[in-house]
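As structure tokens, the structure follows; a few thoughts come after it.
Basis for what follows: all heavy atoms, side chains included, without hydrogens, waters or symmetry-related copies.
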Amino acid sequence: MNLKIILKLLILVFWIGYSNAQEVVATGGEYFRNSENSVVFTIGEPVIETLVNSGNIMTQGFNQSKLLVTAVNEILFEGIQLKVFPNPVLTCLHLNISKAEDFQLTYRLVDIKGNLLSVKNIQTASEIIEMQHYKAGNYLLYISDKNGINIQTFKIVKNQ
């Protein structure tokens with residue numbers, strides 16, 4: 001009697017594991033590896049999605065092991081373009097803004113714990129944010145307008 005119950009439970013566990021296994025719907029692909037690098041690609045994968053929710057990012061898809069998200073959200077204002085580079089950064093982070101003179105913008109640099117590190121009114125179309133005195137880690141760069149409305153948020157990775 002106990003053997004039948006254990007056997008049914010094992011079958012149920014394996015069936016649940018099999019039915020929830022990840023699948024790739026693709027027509028082809030390949031994996032290449034040497035001592036220093038690897039290359040993985042999938043041809044024809046029709047379903048890839050990235051979901052963002054209050055600081056959490058979940059990606060669905062096959063080839064996303066080293067995904068680096070630069071802009072955390074979409075820009076809210078028409079006619080303005082923001083570029084932040086390089087990311088990852090070592091010493092200086094460059095912030096380029098198209099039509100900066102038309103908007104009164106401010107940036108705030110925050111560490112991953114939420115501590116405010118730097119606040120500055122943006123005066124020109126090209127700003128430099130000194131990063132060399134910060135520890136290696138993840139930071140958030142908030143760009144907001146004169147009313148404090150967040151225009152765009154960037155995730156910044158600081159390397160040593």
Side-chain angles (χ1 to χ4, degrees), residues 17 20-26 29-160:
N20 290 328
Q22 294 180 352
E23 291 184 30
V24 174
V25 180
E30 192 62 66
Y31 174 77
F32 300 101
R33 183 177 182 172
N34 64 20
S35 62
E36 297 177 11
N37 299 305
S38 65
V39 175
V40 180
F41 67 90
T42 304
I43 299 171
E45 184 176 11
V47 180
I48 295 176
E49 187 174 357
T50 300
L51 304 171
V52 179
N53 170 336
S54 68
N56 298 316
I57 299 171
M58 181 180 80
T59 58
Q60 168 190 335
F62 188 66
N63 289 322
Q64 298 185 20
S65 63
K66 294 187 179 182
L67 181 67
L68 178 61
V69 177
T70 302
V72 177
N73 59 350
E74 293 296 321
I75 196 160
L76 297 178
F77 287 23
E78 295 275 333
I80 187 170
Q81 292 181 353
L82 301 171
K83 293 181 184 177
V84 175
F85 61 93
N87 196 8
V89 63
L90 292 174
T91 57
C92 295
L93 187 66
H94 297 268
L95 172 60
N96 286 348
I97 305 164
S98 69
K99 299 184 181 180
E101 62 279 352
D102 295 345
F103 301 94
Q104 295 175 357
L105 301 177
T106 301
Y107 77 76
R108 290 181 298 129
L109 184 65
V110 177
D111 69 9
I112 203 69
K113 295 178 185 176
N115 299 320
L116 183 62
L117 304 173
S118 177
V119 177
K120 184 178 178 189
N121 290 329
I122 300 170
Q123 303 296 326
T124 64
S126 181
E127 292 282 334
I128 296 176
I129 303 170
E130 300 292 334
M131 296 290 294
Q132 67 263 18
H133 54 277
Y134 297 123
K135 294 180 182 177
N138 294 321
Y139 296 87
L140 292 173
L141 180 68
Y142 297 98
I143 311 296
S144 56
D145 72 354
K146 64 181 176 183
N147 298 321
I149 297 173
N150 191 44
I151 295 175
Q152 195 163 25
T153 303
F154 295 92
K155 177 184 171 193
I156 307 300
V157 178
K158 166 71 167 74
N159 287 339
Q160 291 271 2

How close do [X] and [Y] get, counting heavy atoms only, and between which atoms?
X: Asn150; Y: Thr153; answer: ND2-OG1, 2.8 Å
X: Ala136; Y: Asn159; answer: CB-C, 4.2 Å
X: Thr91; Y: Gln132; answer: O-OE1, 3.1 Å

inquiry  = So, using side chain to side chain contact (heavy atoms under 4.5 Å, CB included) as the criterion, who are the partners of Val89 when residues are at least two apart?
reply    =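 Partners of Val89 under the side chain to side chain contact (heavy atoms under 4.5 Å, CB included) test: Pro86, Leu93, Met131, Ile156, Lys158.
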Can you tell me which residue pairs pass the salt bridge (Lys or Arg N to Asp or Glu O under 4.0 Å) test with a partner in residues 114-130, sequence neighbours excluded?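 Every pair satisfying salt bridge (Lys or Arg N to Asp or Glu O under 4.0 Å) with a residue in residues 114-130: Lys120-Glu127.
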Can you check whether [X] reaches [Y] side chain to side chain, under 4.5 Å on heavy atoms?
X: Ile143; Y: Leu95; answer: yes
X: Lys155; Y: Leu140; answer: yes
X: Ile128; Y: Cys92; answer: yes

Practice prompt. Could I get the full list of ring pair (Phe, Tyr, Trp, His ring centres under 6.0 Å) partners for Tyr139, not counting sequence neighbours?
Written response: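 Once residues adjacent in sequence are excluded, the partners of Tyr139 under the ring pair (Phe, Tyr, Trp, His ring centres under 6.0 Å) criterion are Tyr134.
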I'd like to know whether Leu82 forms a side chain to side chain contact (heavy atoms under 4.5 Å, CB included) with Ile151, so could you lay out the CA-CA distance, the side-chain angles of the two residues, the decisive distance to 0.1 Å, and finally the verdict.
CA-CA 9 Å; Leu82 301 171; Ile151 295 175; 4.2 Å; yes
Who are the side chain to side chain donor-acceptor pair (under 3.5 Å) partners of Asn96, not counting sequence neighbours?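 Expected list: Ser126.
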Please list, chain by chain and in numerical order, all residues satisfying side chain to side chain donor-acceptor pair (under 3.5 Å) with Asn147, sequence neighbours excluded.
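Counting only residues at least two positions away or on another chain, Asn147 forms no side chain to side chain donor-acceptor pair (under 3.5 Å).
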Notebook entry, point to check: Going through the distances and angles, do Thr106 and Ile122 end up as a side chain to side chain contact (heavy atoms under 4.5 Å, CB included)?
Noted result: CA-CA 5 Å; Thr106 301; Ile122 300 170; 5.8 Å; no
Pairwise distance CD1(Ile97) to CD(Gln152) - rounded to 0.5 angstrom: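 Between atom CD1 of Ile97 and atom CD of Gln152 there are 10.5 Å.
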Distance, nearest 0.5 Å, that separates CD of Gln123 from CG of Leu105 =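 The CG atom of Leu105 is 10.5 Å from CD of Gln123, to the nearest 0.5 Å.
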Q. Does the pair Val119 and Tyr107 meet the rule for a side chain to side chain contact (heavy atoms under 4.5 Å, CB included), with working shown?
A. CA-CA 6 Å; Val119 177; Tyr107 77 76; over 6 Å; no
Show me the side-chain donor-acceptor pairs of residues 109-118 shorter than 3.5 Å, one per line, residues at least two apart or across chains.
residue: Asp111; atom: OD1; partner: Lys113; partner atom: N; Å: 3.1
residue: Asp111; atom: OD1; partner: Gly114; partner atom: N; Å: 3.0
residue: Asp111; atom: OD1; partner: Asn115; partner atom: N; Å: 2.7
residue: Asp111; atom: OD2; partner: Asn115; partner atom: ND2; Å: 3.1

